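Heads up: the structure comes next, in structure tokens.
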Amino acid sequence: DADAVRWLRDGMARGRFPRRDALRMLAVLGAAGATGVAGKAAGAPTPVDTTLRIACHVMEMDDPSAVTSFEPSNIFRNCLEYLVRIDGDGILRPHLAESWAPSDDLRRWDISLRRDVFWSNGDRFEARDVAATIGHWLAPESVSVNKTLFADVRGVEIVHPFLVRIHLARPMLSLPDMLFAVTCPMLHRAFPGSGRPWTDAPVGTGPYRLDHFRVGEEARLIRRAGYWGATPPTRTLRFIDLGQTVSTQLTALSDGQVDILYRMDASDVPLASRLPGVRIVDCLSAQTCCFRMRTDTPPFDDWRVRRAVQLSADNAQMLRLGYADAGSVAANCHVAPFQPDYGPVAPVRRDVAQARHLLADAGHPDGIDLVLGVGNTQGPWEQNTAQVLQQNASDAGIRIRLDVLPPNEYLTIWSDIPFGLTFWSQRPLGMITLDLAYRSGSAWNETRLRNPDFDAALDAAMRSVDPVACRAAMGRAEAILQDSAAIVQPFWQKKFTAVSTRVRGYRLDPADCLDFTSAYLA
Amino acid sequence: MRRVGVLPLRAWIALGVAGFWLLCAFAAPLLSPFDPLRSGSPLLLPLARDGMGMHLLGTDMLGRDILSRLIWGARPVLLWSVLATVCAYAVGIGGGMAAGYASGAADRLFSFLATVMQSFPVLILYLLIVMRLGASGFNIIVAVTFSTAPAIFRIVRALVAAERGKDYVLAAVMQGERPWRILLFDLLPNVAGPLLVDACLRLGYTAITIGLLGFLGLGLPPPTPDWGSMINEGRGMAIVFPHLILFPCLAISSLMLSLSVLADALGHRGDSTPLRRTNA
Amino acid sequence: MIRIRSPWPTVVLHRLGGMVLVMLAVSFLLYGVLEIDASAIATKILGQFSTPEQRAIWLYRNGYDRPFLWRYAQWLGRFVTGDWGRSLHDHVAVRALVPHRLGASLALCAITMAVTVPLGLGVGIVSGLYAGRWLDTVLSAAAIMATAIPDYASCAFLSAIFVVGLHWLPGASTMTDGFDPRQMVLPASVLILYCAGYLARVTGAAIRAEMGRPYVRTAWLKGAGRGRLVLRHILPNALAAPVTVIMQQVPWLLSGMLVVEIFFGYRGFGSLLYTAAMNGDLPVVEACTMLSVACVTCAQFVSDLLTTLLDPRARGVFAPRPAAPPQDAPAAATGRTVP
Amino acid sequence: MSTPGSPVLSIAHLTVTLPAGADRPAALHDVSLTVNRREIVCLVGQSGSGKSVLSAAIMGALPSPLRIAGGRILFDGRDVTALDERQWRTLRGAAIAMVFQEPMSSLNPAIPVGRQIEEVLILHRPSMPAPARARRVVDLLQDVHLPEPEAIGTRLPHQLSGGQCQRVVIAMALALDPVLLIADEPTTALDVTTQAQILSLLRELRDRRGHAVLLITHDLGVVADIADRVAIMRAGRIVECGDARTVLTAPATPYVRELVAAFPHGMPGRPASGVPSGGPPVLAVRGLGKRHGAFTALADVMFDLHPGEMLAVIGESGSGKSTLARILCRLLPPDCGKVVVAGADFSTPLRRRGRPDGNPVQMVFQDPAGALNPRRSVRAILERAARIGGMTRQQAARQAVSLLAMVGLPADALDRTPHAFSGGQRQRICIARALALRPRVLIADESVAALDPPMQRQILDLFLRLKAETGLAILFITHDLRLAAHTADRIAVMRRGRIVEVGAAADVFATPSDPYTRILLSALPGQHWHGLAG
Ligand SMILES: Nc1ncnc2c1ncn2[C@@H]1O[C@H](COP(=O)(O)OP(=O)(O)OP(=O)(O)O)[C@@H](O)[C@H]1O
Ligand SMILES: Nc1ncnc2c1ncn2[C@@H]1O[C@H](COP(=O)(O)OP(=O)(O)OP(=O)(O)O)[C@@H](O)[C@H]1O
Ligand SMILES: [Mg+2]
Ligand SMILES: [Mg+2]
């Protein structure tokens, strides 16, 4: 879409939009290469033959496109690669794809591939591989989330060995970003039909090959020769499963049994800071928890009840007590101010009197009894935050009973219960989250929100290449979401992890995509 | 060992400790200095103050007063452990008396069932209950009943089988007394002594079990301040803030200890009171 | 006196039959509880994004449309022949998952018992030796304390002291770089604390109970000292209870180590079972349960065997002695000595 | 009778206090007693009089709350009250040895009996070589007349009979030729024939080896048989002490007179006249048989019992007496044979037949403490029995009062629980309970064995009165031949499950026809008492 690209460059030069927004949009449109943004991070150290041991849950990854957690993706990410890449700065960069370009109506995307990429079994990486991979996602027997995520893909066309064309049912500006979803690594064309677990024949394009894999225990990756990109400094990566107890992982780290923890949360900071040989790493992130209410189920089908819950909540206190004040207060709209497509909205002020009033209005003058489902899927802080909400709400006469379930049990019902706490990880764009979670009839619409205005605003944002217009449209969508009072989204969490003081060059990724391209053990 | 009245001194001390927790359970609103569900400043050490006042035992990660939670926590702990123990005893005594008295096929059947239940590892039992039922006080009852009723059954059965051969039971049989009356009025009161001892111990273990169930995600739902959940919630930070679990642990252990000592004393009462020795 | 005169192989066979029966009953219960709801299993296996048709096909292909009893029989047949199925969560054969976890737990168990048995018995014996004196009071109090502290608490306290406070020991027992004895110290200590405390209590109680028996008075009035009384006379008769406890602790440890395993990140049987149960991983739960039950029943069997061997009265059951039946002895004597 | 030697033990003004709260302040009060070499001194007294405490004091083995508050115990001229545990250890087993009442439980169940005897040698003669020790053990076993001493030494206690065990214990006590042997009721648990052997063994020890023996017993027959001197105790005091012949024939104090009077002397005084023949029997037993596994407990038992008659069943331990009683009460089903009570067949056990209205056969058990539910009041016990018998509440209450009066208990006993009564009183309550159902036949299975002689007498008198007043038929089971002969109308002698002789009491006692009965009779202690009185 050459017009749009030219227009953006022009606007950027005249200072019509912020430079970062424009760059991002250019990247989305596949024109980033021209601005010289893509490429490997400079200054990577010379390769050394050390081992990094990462404490990480080692889960099954028979089909990399069907995993449901980040942990396995962070293991195969070192062997399998994505078409695009989003680094810690949130900017989209080409990776296996050399460049891409949408049609004017954003319904057709041409993706051209790098020509110097070889699979670890010697085959060349080609458009066939991309087509086979996407076909695998969308196949009838597929159990991958991609099946719903890419439900609007109408066809994949191999234009020539290094050019694929994707046809969409509706305009989707977020397509390149979506290609970096954890379940979207490019698989060898032989994999889909093989019927064997990927771990049995771990063919990949990445810098490492899977050397040893044992579920629940360890995955060992060894650097391979002939990688197309820059050679990572560490020779061996060992992902070691230490169980779920972070305090145990921390003491293991301090004792030198591992070098990097996958993650910890704010409540583990006091312990980590007291252990010798441990360095805490953190970053800002758009991950959050949402107390979401099902707008189609009583009593939450009444806006006044939802609003009363929202008004009674003290988001700042939830952050302070529930997450040790590590993060920033959010405004119940599920797009973070530091996300590239954020449109400003005013926060909701706590107003207990108003909440009581609304409740009485809705026919609950003596307060109301609610049940909140909590699964502690990310840790006990969820339950703690819920308890603070419980206290807040009780001020307004809303009596919340907590129904705490084991994580796995909770995950089977998370989207169905009337009132629950859901953890949302960071998506590169706010609009991806909104599209996934709040659009009428969308895959993960746990609130069952059906609001044409919201859908329209979101569509406008997703269609618009103008960063200013995009932000404005997003602002509208956020305001509608906030006003619908379907969620109490109290805070944005800082992400934490701990590494050994000997670890160099390790940066924490806000979206949970661990990156070992420059980390090594001194 | 010094004796005061019918029991040794240590038994009175134990009774005092158990009584203290009972008092806490009943008079929690009067005794607790703060609302156990209100948050102040988080993670205060013992004797620290904040806007609410002085926290003798500090506050937890949500800034709630640990002392108040301990006092209120006595309620669910005592309530659920007593209920669960009573339930387990009802099942165990029912089956045990029937099996011990009837002998023969019924005995074999019940004993077999008990063996089957006992060979089921307790942990798996708990986990199956989590998988099937989720977390609630009711589950504590189910879990404790399933895991301890067989043991109680065995004790009762052995006691009844031993007692059944005694002359007073034979005398009742000879008179033509109905079996259920013999069980209820003759046997039960006479096996109650050892059972009481056993019950004391089991009550203590149940308090610990409630904590373990909390650990497995089966305990009472928050924010109910029960000691097991307090330990469970504080576990992650306990290495740095031991006071989070030290006090609830002391509470559970003191209850458990006092019940053990009491059981010990009750159990020894028979042998250590030779004053009313019967010469057979 | 009634003597069991059946030859010991019969007795052993009878016991073994009982064990098999118990295990069958447990397996039936287990299978019933876990697999009666077939559609839930299909959802678990195919994932939450599967369609109803996919599930129906899966159920049909895997024989879940058959009657429950038929399924049970089939499952049992497979299980007995060593086909324990595939883990739903980890997608690997259960047989590949379980054995070395079991091995790890048994190793911890062995270390624990190696310390617990001498320590518990020793403390019990010493407190029996000094029954009623201050040493006994101190040791008994310590033993009761040790059993009154929940294991989840002792884990945290020991870690707070030795890991964070003193930096003496590693707080995690992950064994990432092979077996490390230092990492065994804390988990084993927690287990030993409880087990040895309990064993000491039982031993002490058994010795004290035995002390009131008339034969002890006889030996005492023969001029035997306290040490001789306890070690030579009382101990052989008091050992049955501690032996039973020891044998019970082995299977208890297998799954009872769960808390310790989770706390210290030790990869053993307990944590495998725990995660499997939490993930609803039925084949793993089934296999672990059956293994556990097998351990329990075997330990029970060995314990019965040992206590029988320890009890001089029952010794005849397993090793018949050429003993004259005592029934007629008085009458026989009557005939000879009375004038 | 041998001539007494120098004093071995002399106790002077010994007082042993009981802890506060006991039934009396002192277990022993100002007790003085001397035992000489070559002398058997018997200590007699009712239960709880302090006999065992005295023997414990001599052995330096007082149980913890008891303390010596005054007096001296001189053993071989040396005051042993001041000895410490180490010094005691050299004395016990070597110079003073003790034999207890329960022979089985006095031996360690896990150690072969020979080793247990050998231990005395190991403890006190450490220098003795092992072969010599082994020889000594065999000699000792031979000395106490155990058959095959080598073989018996390797057996465990449970492989020996009670009498054999008692002899092992005595052998153990004699291992080092102690100066003083204390025997605390060494024969109470044994049957008459075994008792006779043990007593003759003790006599032999005195005569051949010159041991001093302090024998505790409450059987005056035993005293009459072997005692040189006797001390009678009551409530912690020695009420009379002196030459056995004098004390038994001419007691000085009223208590001892009562004691002596309660003992059934000599030949049965009751004539066989009381047998009401002619009428139909209330209980008829025909061809009764019972097996316990391979063991035949009863075989072809047959007898009749008429109203108002008392039939004594005697026999040694294990002869099947209790089995018979249980079958008659329908607590046990017989294998074969018939039991007819008042014309109705009563061979099926109770539990299978459900609830009968009034069981016409009732039993009074041996142990009165165990036969009463310790948690129920006397009133509840008696009224319940009457209610089962089909009475209304008021009738039952009235009957309870009258029954108590009948068995000679005060009316205020109704609201107490069994533990507040003495053994004899408890036995009366048991009888009252049995009578509450208005039985036709009363079975008394060793009902007086646990009681001391005066108490025995009272119960037996009660039986006789009931029999005469209500026409009750009584089956009196005992192993005490003399008691049977003095109380019953007829006697049946059992041996190995068979009735070997039945006849009028006086006839059986005077002219036994079966050889076994003759053995039993000859083993009776105290047969020469009348000779003494002569
Ligand atoms: N260990 C003890 N503690 C307290 N009191 C005791 C103890 N042993 C005995 N007594 C009391 O001392 C008194 C004498 O008891 P002892 O055992 O000497 O009686 P006994 O004459 O041997 O009776 P029996 O014929 O029944 O054996 C009794 O009142 C008894 O209650
Ligand atoms: N349930 C049983 N099983 C096997 N043998 C039994 C059983 N009950 C009794 N016996 C045996 O039957 C025989 C007769 O027992 P019973 O109790 O009738 O003897 P007894 O004459 O009352 O003896 P005692 O005078 O010792 O009370 C004994 O040898 C006993 O061992
Ligand atoms: Mg006595
Ligand atoms: Mg008998």
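Order of the sequence lines fixes the chain letters, A, B, ..., with proteins taken first and strands second; residue numbering starts at 1 for each chain. Nothing here was measured: the structure is a model prediction, and the numbers come from that model.
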| message | Can you tell me which portion of Ile231(B) sits under 4.5 Å from chain C's heavy atoms? Options are side chain, backbone, both or neither. | response | side chain
| said: Please check: side-chain N/O of Ser253(B) versus main-chain N/O of Ala148(C), any donor-acceptor pairing under 3.5 Å? | reply: yes
| query | Atom CG in Asp151(C), atom CD1 in Ile208(B): separation rounded to 0.5 Å? | reply | 8.0 Å
| field | Shortest non-hydrogen separation from Val22(C) to Ser119(B) and the atoms involved | value | CG1-OG, 3.2 Å
| request: Counting only heavy atoms closer than 4.5 Å, note whether Ile161(C) contacts chain B via side chain, backbone, both or neither. | output: neither
| said: More than 12 heavy atoms of other residues, nucleotides or ligands under 6.0 Å from OH of Tyr198(C): yes or no? | reply: no
| Hey, what do you get for CG (Leu246(B)) to CZ (Phe157(C)), rounding to the nearest 0.5 Å? | 4.5 Å
| message | So for atom OH, which belongs to Tyr72(C), do other residues, nucleotides or ligands contribute more than 12 heavy atoms lying within a distance under 6.0 Å? | response | yes
| field | Student check: side-chain heavy atoms of Val296(C) and Phe120(B) closer than 4.5 Å | value | no
| said: As an exercise, state the distance from OG1 of Thr147(C) to CE of Met256(B), rounded to the nearest 0.5 Å. | reply: 5.5 Å
| query | What option among Leu257(B), Val261(B), Ile252(B) has the most heavy-atom pairs under 4.5 Å with chain C? | reply | Leu257(B)
| remark: The interface call for Met145(C) against chain B, heavy-atom contacts under 4.5 Å, is both
| remark: Counting heavy-atom pairs under 4.5 angstrom with chain B, the leader among Pro150(C), Ser159(C), Ala156(C), Ala153(C) is Pro150(C)
